[in-house]
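Written out below as structure tokens is the structure these notes cover.
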Amino acid sequence: MAPFVWFDLLTTDPAAARGFYTGLFGWAATDGAGPYPTWFTAGDGPWAGIAAGDAPGRWLPFVVVDDLDKATRRAVELGGTVVTDATAGPAGTSVTIADPGGAHLALFRPNSTGGDVENGGPGSD
């Protein structure tokens with residue numbers, strides 16, 4: 001399994017972000033669902049979603065963990081901080097943390113069905 005399983009792009013201008021990344025890299029983009037007006041897709045489905053945010057744009061990678069509570073505690077023990085408490089979405093539950101340097105990362109535990117990116121992706125927080 002790849003270390004990163006999903007990426008949120010949170011931005012104040014989702015349409016401009018879509019145009020930028022499709023123009024820069026030629027990424028395939030489709031209309032999304034749930035909190036995502038756009039999904040970036042490859043192969044069988046989406047791998048990232050653009051969502052509206054209230055701050056300057058930022059990417060948020062998601063990493064699957066076996067035990068969300070344990071991983072969150074371990075992150076804090078190692079000097080990280082919890083940015084967003086556990087948030088359930090259609091594909092599973094995530095906790096957004098910041099590492100000691102301030103970089104954000106979402107710890108993600110998929111639903112028992114393995115998640116459903118077709119209906120909103122991992123990150124609906």
For this session: Evaluate the criterion side-chain contact (heavy atoms from CB on, under 4.5 Å) for residue pair Val65 and Phe108; output intermediate values, then yes/no.
Result: CA-CA 6 Å; Val65 297; Phe108 178 66; over 6 Å; no

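- With rounding to the nearest 0.5 angstrom, the CZ atom of Phe40 is 6.5 Å from the CG atom of Leu9.
- For Thr38, the side chain to side chain contact (heavy atoms under 4.5 Å, CB included) criterion is met by Arg18, Ala29, Ile50, not counting sequence neighbours.
- One hydrophobic cluster, built from ILVMFWY side chains closer than 4.5 Å, holds both Phe20 and Trp47.
- Summarising the geometry of Asp69 relative to Asp67, their closest heavy-atom pair is N-OD1, 3.1 Å, with the distance given to 0.1 Å.
- Residue Arg74 qualifies as open at atom CZ: its count of foreign heavy atoms under 6.0 Å is 12 or below.
- With sequence neighbours excluded, no residue satisfies side-chain hydrogen bond (donor to acceptor under 3.5 Å, both in side chains) with Thr11.
- The side-chain heavy atoms of Pro61 and Trp6, taken from C-beta on, include no pair separated by under 4.5 Å.
- Looking at Asp99, Val63, Thr96 one by one, the single match for side-chain contact (heavy atoms from CB on, under 4.5 Å) with Leu105 turns out to be Val63.
- Distance check, rounded to the nearest 0.5 Å: CD of Glu77 to OG1 of Thr72 gives 11.0 Å.
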Problem set entry | Chi angles and distances behind the side-chain contact (heavy atoms from CB on, under 4.5 Å) call for Asp8, Phe62 | CA-CA 8 Å; Asp8 274 358; Phe62 283 67; 3.6 Å; yes

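- Counting only distance, with no hydrogens or angles, the side chain of Thr87 and the backbone of Asp85 share a donor-acceptor pair below 3.5 Å.
- In summary, the aromatic rings of Trp59 and Tyr21 are positioned with their centroids under 6.0 Å apart.
- Taking every heavy atom of both residues into account, Pro14 and Pro37 meet most closely at CB-CG, 3.9 Å.
- Cluster membership for Leu78 and Ile97, using ILVMFWY side-chain heavy atoms within less than 4.5 angstrom, is not shared.
- Residues Val95 and Phe4 share a hydrophobic cluster, clusters being chains of Ile/Leu/Val/Met/Phe/Trp/Tyr side chains in contact below 4.5 Å.
- Pairing each heavy atom of Ala106 with each of Ser94, the nearest pair is CB-CB, 4.5 Å.
- Rounded to the nearest 0.5 Å, atoms NE2 (His104) and CG (Leu60) are 8.5 Å apart.
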